[in-house]
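Everything below concerns the one structure shown next.
By convention in this document, chain letters (A, B, ...) are assigned in the order of the sequence lines, proteins followed by strands, and residues within each chain are numbered from 1.
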Amino acid sequence: MEELSTNVNDLAASFDSLWVLIAACLVMFMQAGFALVEVGFTRAKNGANILMKNLMDYAVGSLVFWFIGYSLMFGEDVSGFIGKATLFFGDDTMDGLPPYTTLMFQTVFAATAATIVSGAMAERTKFQAYFIYSIVLTLIIYPVSGHWTWGGGWLSELGFIDFAGSTVVHSVGGWAALVGAAMVGPRLGKYVNGKPKAIPGHSLVLGTLGVFILWLGWFGFNPGSQLAAAGTDNAIAVAHIFITTNLAAAAGAVASMTVSWFRYKKPSLSVTLNGALAGLVGITAGCAAVSPGSAVLIGIICGIALVFSLEFFEKVVKIDDPVGAISVHGICGALGTLLVGVFATEGGLINGGGFAQLGIQAIGVLSTAAWVIVTCFIMFKIIQLTIGLRESDRVQEEGLDIYEHGETIYNNM
Amino acid sequence: MEELSTNVNDLAASFDSLWVLIAACLVMFMQAGFALVEVGFTRAKNGANILMKNLMDYAVGSLVFWFIGYSLMFGEDVSGFIGKATLFFGDDTMDGLPPYTTLMFQTVFAATAATIVSGAMAERTKFQAYFIYSIVLTLIIYPVSGHWTWGGGWLSELGFIDFAGSTVVHSVGGWAALVGAAMVGPRLGKYVNGKPKAIPGHSLVLGTLGVFILWLGWFGFNPGSQLAAAGTDNAIAVAHIFITTNLAAAAGAVASMTVSWFRYKKPSLSVTLNGALAGLVGITAGCAAVSPGSAVLIGIICGIALVFSLEFFEKVVKIDDPVGAISVHGICGALGTLLVGVFATEGGLINGGGFAQLGIQAIGVLSTAAWVIVTCFIMFKIIQLTIGLRESDRVQEEGLDIYEHGETIYNNM
Amino acid sequence: MEELSTNVNDLAASFDSLWVLIAACLVMFMQAGFALVEVGFTRAKNGANILMKNLMDYAVGSLVFWFIGYSLMFGEDVSGFIGKATLFFGDDTMDGLPPYTTLMFQTVFAATAATIVSGAMAERTKFQAYFIYSIVLTLIIYPVSGHWTWGGGWLSELGFIDFAGSTVVHSVGGWAALVGAAMVGPRLGKYVNGKPKAIPGHSLVLGTLGVFILWLGWFGFNPGSQLAAAGTDNAIAVAHIFITTNLAAAAGAVASMTVSWFRYKKPSLSVTLNGALAGLVGITAGCAAVSPGSAVLIGIICGIALVFSLEFFEKVVKIDDPVGAISVHGICGALGTLLVGVFATEGGLINGGGFAQLGIQAIGVLSTAAWVIVTCFIMFKIIQLTIGLRESDRVQEEGLDIYEHGETIYNNM
Amino acid sequence: MKRVEAIIRKSKFNVVQDALHDAGIDFLTYWEVRGQGKAVEERSYHGMLYDTSIIERILISFYCQDQFVDPAIKALLASAKTGEIGDGKVFVSDVEKAVKIRTSEEGAPALN
Amino acid sequence: MKRVEAIIRKSKFNVVQDALHDAGIDFLTYWEVRGQGKAVEERSYHGMLYDTSIIERILISFYCQDQFVDPAIKALLASAKTGEIGDGKVFVSDVEKAVKIRTSEEGAPALN
Amino acid sequence: MKRVEAIIRKSKFNVVQDALHDAGIDFLTYWEVRGQGKAVEERSYHGMLYDTSIIERILISFYCQDQFVDPAIKALLASAKTGEIGDGKVFVSDVEKAVKIRTSEEGAPALN
Ligand SMILES: Nc1ncnc2c1ncn2[C@@H]1O[C@H](COP(=O)(O)OP(=O)(O)O)[C@@H](O)[C@H]1O
Ligand SMILES: Nc1ncnc2c1ncn2[C@@H]1O[C@H](COP(=O)(O)OP(=O)(O)O)[C@@H](O)[C@H]1O
Ligand SMILES: Nc1ncnc2c1ncn2[C@@H]1O[C@H](COP(=O)(O)OP(=O)(O)O)[C@@H](O)[C@H]1O
C-alpha cells in the first residue's frame, strides 16, 4: 500500500518532469522562430551574420548557463540579490523535478532572453561584440534579475507576479536591446537628415514562419512554466494557460492589424505579425492569473500599444530597431506585467483588489529595467572602448556576411 | 485507499488532458504548414496576402470559436441540429477533460477547416471578403455540421463514423473551397480560350516544408482525437492511429508519384506532395477503425484519386484551385469517409459488414456537403453583392500585395 | 487493491508509450530538417530532386520497414545475425510498449539512416537509383546491423554500447553515403585538374532552419531512446539525456566555429552548422552513459574532428560530399561511439574502466562499417550496371530538376 | 540591323510577347529591371509608409532587320499601353554584326 | 540621343541616383549584374576558401539628349568613386530613336 | 571601341569565361536573362504539362577595342556551341566613349 502510493507519487513526478522537458523542446524551437523573424526582417546581405548570432547565443548560452549562470539564478539565496554560485551545475537526483529537467527548461529561457537583442542590433554590430554580450547576459545579467523574481530573491518576497517571464525574460531582452541598439547607433542610411527611411526586410515569408513557430513555442513557454502537469489542479491550470496564451496572441494580431488598417490605410502583414508577438509577450506574466476574457483585453492593449511604440522609437526617440524587439519584448513585456495588477482574478484592480498589486508590479518592472539598463550600458561601453561595437560604413554597405563570415546566404550561380 | 484511487484517477485524467493539449500544439503548427504550402504554390506577388489570410483565419477563428462557435458545436443538443449557444465559453472545472483543454483542441480543428479555403481562392480574392468568410465559417457553418457528427447531433445518432474529421473538418473546408473558388472565378490568365495554363508556384521548397509540417501535425490531429492516452486501451489505440496515419500518408505519396510518373512521364514533386496530403486526409476518418493494411489501401486509393481529381477540376469543371485544396480536402476527405464503410475492421464491407455502414457514411458525406455548399453559396453571394469578392484585373496583374497590403514579401534591394 | 495496482501499472505503461510516440514525432520532423539542410547546401537547380528524395525515402521507408524490415531487425534472433522475418508486422496488443509504438519509433529511425545518403550523393545521382537504394537500405542493410546491436544480436551480447544510434543509425547512413558518393563520382565541375572548387549551397537560411529542426528532433532521438518515462529512474535518465544532448551540440557548434575562425580567419556559418550536428551525432551513442561534462568534451572533440574530416574527404580522398554527410554522420558517429569507451561513467577509460569497453566499441564500429560498406558496394554496383547511377553531364549542367522531374523549385515569373 | 529595347510593365509581358510575335518578332531576350520614372508606388513596412519611384519593369531586347522595327514598335505601343503613368519606353539603336553560335552564320540568318 | 551605361558598386547606388538627379537625369533603368574585373573577393564555403572575381554590381542604363551626357558622367565619377579597385566603368553609345509608350511621342519628349 | 553582347546557355558560362580570357577579354559583365528562341522546354506543374519557349540564358556584355572583337567571337563560337538548338547569339555594336570611374581615364585605358 505504501509502496503503491510511492509508485503513484513517483509516476506523478516523472509525468511532471516529462511535461517540463516537452515544454523545453517547444521553447528551444523558438530559437528557430527568432532566427527566422530576424533574418526575414533584415536584408539578405547580413543574413549569415544574424543566423550565426542566433545559433551562437543559444550554443554559448547553453554552456555558460550550465557552467555557472543557473546557480546564480537558482542557487541558495544570498541577501535577496543573487544565488550562490556553483560550478558545472549539480547532481543527478530527483526530488520534485529532476534538477536536469529544471536546468534544461531554464536554459532555453535564458537563451530566449539573450536572442532578443540580436534582432534590435542587427545589420551593424560586430560579431565578436555580440558574442561577448551573449556570454555576459546569460552568465550574469539575466540570472541576477531572474533570481529576484524566480530564484527566491527580494521581488518574489514582495509578491511580484511574473508567471512565465514577461519581465524576467522578455523585458530583460527588450531593455538590453534598447541599450544595445541605442549605443551601436542606427544602420547606415536609416536616418537621412534626421528622417527615418524604411528598410524592408528581405523575406516576410521567413518572418511569418518564424512567428508561427514562436506562437507554437509559447505553448511551451507559458503552460510549461506551471512546472507540473499531474493532478486535477495542474491539468486545469495548464489548460487555462493554453487558452489565455492563444487568445491574447489572437487578439494582439487582430488589434495591430486593425490599427495598421486605420493608420496606414492597409492591413500590414509586418505589423500584424508583430502584433501577435506583442499579445504573446504581454500575456506571459499573467497567463495563469487572468481570465480568458482579460487575456483578450491584454492582447488588444498590447497589440495597440505595439504600433505606437514602434513609431515612437522609430520617429521620436530615433533608435533603429530593425525587427521591433524593443517594442515587442521591452514595452509589451513591461505593459503585460503591469496589466497583471489590473486584471488578475485575485488582487487585480478591476477585480476589486485595489492598487496594491499594481504597485508591486511597477516595482518589479522598474527595478528589473534599471538593473538591465545599467549593467548593459556598462558592458556595451566596455566592449565599445575595447574591440568596438559598430561595423564600419564600408562593411555595412557591402554586407556583414562577406566581411565577418566570408559567406553569403544566397548563392544563385 | 480511496484517496489513493482518486489520486490515480486524477493522474490519469491530467495525463489525458496533457496529451490532448500537446496534440493541439501539433495541430496548431499545421497553420504554419498550410501557410507554407499555400504561399509556396502561388506566385510571390500575392505572398503577403496569402500569409495574412492564414494568420488571420487562425487569429479570428480562435476568438470567434471561443466567443460562441464552440457552444454551437458542443453545447446541449437542440433537436439534433445545433448546440445551445453560450457566450464566452464556460467554466474552469474538470470532469473528464478540463473544458479549456477541449476548447483548445477544438479551436485548432476549426481553424484548420477555415484555412483550407485560402489556398483555393488564392491570388484573386479580396482580403476583406476572406476576412468575413473566415468569421462566418468558424462562427456558424463549421460548428453546425460539426455538431451533427461530434456534438451529439443526428449523424452521430445514426452511427456515422468520422473519427478525426475527414468530413467534419477537411471536406467542410474542401466544399467551402469549391464554392468559393467557383464563385470568385479563375485567376486572370489561368484559362486562355478555355484552355488551362499552368501557373507554377513560386517556391516548391516552402511547399515541401509545409507538407512535412502538415504530416507532423497530423500526428496530433488523428491520434489526438482519441482524446485520451491513459491506460492500456488508449495506449494501444493511439499507437494504432499513429501507424495508420503514417502508412496512409506514405502510401498516398508513393501512389501519386507513381501515377504522375506514368501519366506525365516524370515523377512530379508537386503532385507527390499533394499525394501525401491526400493519404492523410483520406485516413483521418478511419484511422482508428481500420487496420494498417487497410490504411495503406486507403492511402493508395486517395493518392490515385487525387491526380485525376486535380485534372478533373482543372480541365473539365474549370475551377481554378491554385493549391489543389478542393481535391485534397474535399474529394479525398469524402472518399476517405466512404472508405471507412469499406475497410472498417468492424462493420466494413470487406470485413463482412455489408453495405449498412457504407450507406451511413454516404449520408454523412452528402448531408455535410449539402449544408456547406448551400450556406457558403449564400454567404459568398452576399459578400459578392456587397463588398465584392474578386480583385480587379489590374490588382491581379500587379499583385495583391501592393494594393491590399502595401507590402511585398521579397525585398532584395 | 490489486486492481488499483494494475491501474497504476497500466497508467505507467501508457505514459511510456505516449512519450515514445511524442519522441517519434520529433524524430519524424527531422526529415524536414534533413530536407532543408540538403536543399539549402546544394544548388537551386537540383532542389526538386533532393526534396523528392527526402520525401520518398521517408514514404517508401515507412512502407518497407513495416512490410518486413522491422521484423528483420527486432524479430526472434536467428544466430545473432538477423531477426526472423514476419510480413506486415504483427499484432495490436500491449505488453510493455504497444508494438505499434515501437514500430512507429523504429520507423522514423530507419528513415533517418536512409535520408543521410541523399545529401552526400546530391546533384548527380539518378532518382531511380536513389529510389532503389532507399528501399534496399531500409529493407535489409539497416535492419541487419541494427539487429546486431539493438535486436538482441551478437554485438549486444558483447556489451556494445550505442544508446541511441551513433553507429546503428548515423554511421550506417554515413558509410552508405561514403560508398555512394565515391561510386557516383564528384559533381561535374567539383574538381578541376584535381583541385576542389567550392560550390556554395543556394540558401544557408534554409540550411540553418534545418539544423535548428534537427537539434529539436534530437530531443526525441536521444531521450526517446530511453523508451520509457514513468517513474523516478526514467525521469532522471530522460532529463540527463536532454542535458548531455544539448550540451554536446552546443559544444560542437562552438568548437567548429572556433576552428573555422582560426583556420579560415572568419567564423563560418556553414561550418558551425555542421559542428552542431557533429556534436549531436557524437553524443548519440553515449548520451545516457556519460556525464554532462564528458558530453561537452565529446561535443568539442567531434566539432574539431568535423572540420578536418571535411577537408580530408574534400582535398585528400577527393570524395565530393555536398552537405558533409560522411564527416558528420559517418566519422562523428564512429568517433562518438568510440568515445563512450573513454568517457562512460561506468567502464570508461578515464573513469578507471580500462580498455575493455573501448575495444568492444571498436568492434561494434568496425563490424557495422564493414557490413554497410560491403553491402552498399554490391548494391550500388548492381544499380550502376543496370539502370545507372550517375546523371549525364548535360543533365547535371542544366539541373536534375528539369530532366528528372520536369519542375523547378523557384518560378519567379 | 537594329537593336530594339523596350521597357514595359511586368504585367504586360505576355500580351506584348504575343503582339511582337504577330509583328514577326519571334526571338527575343528579356530580364527584370527596376526603373525610375514618373510613376511612384506607395508601400509600407512595419507601419512606415514610403514612396518608391523604383518600380518593377521588364526590359525586352531584340535584334532584327531594319524593316521589322516599325511594325514592332507599333505592336509594342498597342499592346504595352495602359495610358497611365509608368507605361515605359522603346529605344532603337544600330547594330553592326550578329552571329549565331550554333551555326556560325552571320548577318540576317543569324537573327533567327 | 545617347545611351549611357554605368556599371557601379551595389552599395553606391543610392548616392549615384541622387547625383544623377542633380545632373538632370530623372529617368533611368537599372538591374543587378555580376562582373569580372580586377577586384577579387575572398569567400569561403564549408571551410573552403575561394577567390571570386565575380562580384555584384549594378548596371544603370539611361537614355538622354546629348548635352546631358557630360554632366551625367561627371556626376557619376564624383559619386560612384571610392578609389579602390572595383569602382566600375561608364560607356556611352548612340541611339537612333526613342518612343514613349504612353503617348507615342518620339524624340526628346520621349525621354522623360 | 565595340560592345559585344553574347546570349549563351547558363551551363556554358564557365567555359565561355575561360575561352574569352584566352582571347584577351578579362573584363566583362553578365546577368541572367530569359529568352525566346527556337528551343522549347517541357515542364510540368501539378501534373500539368506546359511547353515553355522561355529558357534561362546568360547575357555576357563586354566592351573592348576593335581588334579584340574577332578573336572574342571566335572564342565564343568555339566554347558556347553544343550544336543543338538554343545555343544563342552574339551581337556587336559601336560604342562612343568609355570612362573608368576609379581613375577618370577615358578611351582604351578605360577598358581594363
Ligand atoms: N530616359 C530613360 N532612360 C532609361 N529608362 C527610362 C527612361 N525613361 C523611362 N525609363 C524607364 O521606363 C519606366 C517607365 O517610365 P515612366 O516615366 O514612369 O513612364 P511613362 O512615360 O509612361 O510615364 C521607368 O520606370 C524606367 O525604367
Ligand atoms: N571592358 C568591360 N566590359 C564590360 N564590363 C566591364 C569592363 N570593365 C569593367 N567592367 C565591369 O566593371 C566592374 C568593375 O571593374 P574593375 O576592373 O574591378 O574596376 P576598376 O576599374 O575600378 O578597377 C567589373 O566587375 C565589370 O562588371
Ligand atoms: N534576334 C534575337 N534578339 C534577341 N535575342 C535573341 C535573338 N535570337 C536569339 N536570341 C536569344 O538567344 C537564345 C537562343 O536562341 P535559339 O534560337 O533558341 O538558339 P539557336 O540559334 O541556337 O537555335 C534565345 O533564347 C534568345 O534569348
**Request:** Check each atom of Leu63(B) against the heavy atoms of chain A and say whether the ones under 4.5 Å are side chain, backbone, both or neither.
**Result:** both
**Request:** Could you check if a side-chain atom of Trp261(A) sits within less than 4.5 angstrom of a side-chain atom of Phe127(B), using non-hydrogen atoms only?
**Result:** yes
**Asked** Quick one: of Leu206(B), Leu103(B), Val39(B), who has the most non-hydrogen atom pairs under 4.5 Å with chain A?
**Response** Leu103(B)
**Prompt:** When only pairs under 4.5 Å are counted, which of Ile213(A), Val296(A), Leu247(A) shares the most heavy-atom pairs with chain B?
**Reply:** Leu247(A)
**Request:** Evaluate the criterion side chain to side chain donor-acceptor pair (under 3.5 Å) for residue pair Asn246(A) and Tyr100(B); output intermediate values, then yes/no.
**Result:** CA-CA 11 Å; Asn246(A) 193 54; Tyr100(B) 283 150; over 6 Å; no
**Asked** Side chain, backbone, both or neither: which part of Ala35(B) has a non-hydrogen atom closer than 4.5 Å to chain A?
**Response** side chain
**Message:** Given heavy-atom pairs under 4.5 angstrom as the criterion, report whether the side chain, backbone, both or neither of Leu273(A) touches chain B.
**Reply:** both
**Item:** Interface moiety of Met104(B) toward chain A, non-hydrogen atoms closer than 4.5 Å
**Value:** both
**Item:** From CG (Leu21(B)) to CZ (Phe242(A)), nearest 0.5 Å
**Value:** 4.5 Å
**Message:** Is the shortest side-chain heavy-atom distance between Thr232(A) and Ser14(B) below 4.5 Å?
**Reply:** no
**Asked** Roughly how far, to the nearest 0.5 Å, is CD of Gln31(B) from OG1 of Thr208(A)?
**Response** 13.0 Å
**Message:** Please evaluate residues Val238(A) and Ser17(B) with respect to the criterion side-chain contact (heavy atoms from CB on, under 4.5 Å), reporting the C-alpha separation (whole Å), side-chain torsions for both, the decisive distance (0.1 Å), and the verdict.
**Reply:** CA-CA 9 Å; Val238(A) 170; Ser17(B) 172; over 6 Å; no
**Request:** Rounded to the nearest 0.5 Å, what's the gap from CG on Leu18(B) to CD on Gln226(A)? Could you check?
**Result:** 11.0 Å
**Prompt:** Are Phe29(B) and Trp215(A) close enough, and set up right, to give a ring-ring contact (aromatic ring centres under 6.0 Å, His included), and what steps lead you there?
**Reply:** CA-CA 9 Å; Phe29(B) 197 33; Trp215(A) 194 326; over 10 Å; no
**Request:** Side-chain contact test, heavy atoms from C-beta onward, threshold under 4.5 Å: evaluate it for Met56(B) versus Met257(A) and give yes or no.
**Result:** yes
**Message:** Which atoms of Phe131(B) are under 4.5 Å from chain A, going by heavy atoms: the side chain, the backbone, both sets, or neither?
**Reply:** side chain
**Request:** Go through the steps to decide whether Phe212(A) and Leu55(B) satisfy the test side-chain contact (heavy atoms from CB on, under 4.5 Å), and finish with yes or no.
**Result:** CA-CA 8 Å; Phe212(A) 273 118; Leu55(B) 191 67; 4.0 Å; yes
**Prompt:** Could you give the distance from OG1 (Thr102(B)) to CD1 (Ile243(A)), rounded to the nearest 0.5 Å?
**Reply:** 9.0 Å
**Item:** When Tyr403(B), Trp66(B), Phe89(B), Phe88(B) are compared by non-hydrogen pairs under 4.5 Å with chain A, the top option
**Value:** Trp66(B)
**Message:** Using modelled atom types and a 3.5 Å cut-off, is there a donor and acceptor pairing between side-chain atoms of Asn411(B) and backbone atoms of Gly201(A)?
**Reply:** yes
**Request:** To the nearest 0.5 angstrom, please state how far the CG atom of Leu204(A) sits from the CE atom of Met52(B).
**Result:** 11.0 Å
**Asked** Measuring heavy-atom distances to chain B, does Val8(A) have an atom under 4.5 Å in its side chain, in its backbone, in both, or in neither?
**Response** both
**Asked** Are the ring centres of Phe15(A) and Phe15(B) closer than 6.0 Å?
**Response** yes
**Prompt:** Would you say His405(B)'s side chain and Pro267(A)'s backbone share a donor-acceptor pair under 3.5 angstrom?
**Reply:** yes
**Message:** Whether the side chain of Glu407(B) engages the backbone of Ser270(A) through a donor-acceptor N/O pair (distance < 3.5 Å, no angle test) should be reported.
**Reply:** yes
**Asked** Between Leu209(A) and chain B, which part of the residue has a heavy atom less than 4.5 Å away: side chain, backbone, both or neither?
**Response** side chain
**Request:** State, yes or no, whether a side-chain contact exists between Ser203(A) and Ile409(B) at a heavy-atom distance under 4.5 Å.
**Result:** no
**Message:** To the closest 0.5 Å, what do you measure between CG (Leu11(A)) and CG (Leu11(B))?
**Reply:** 5.0 Å
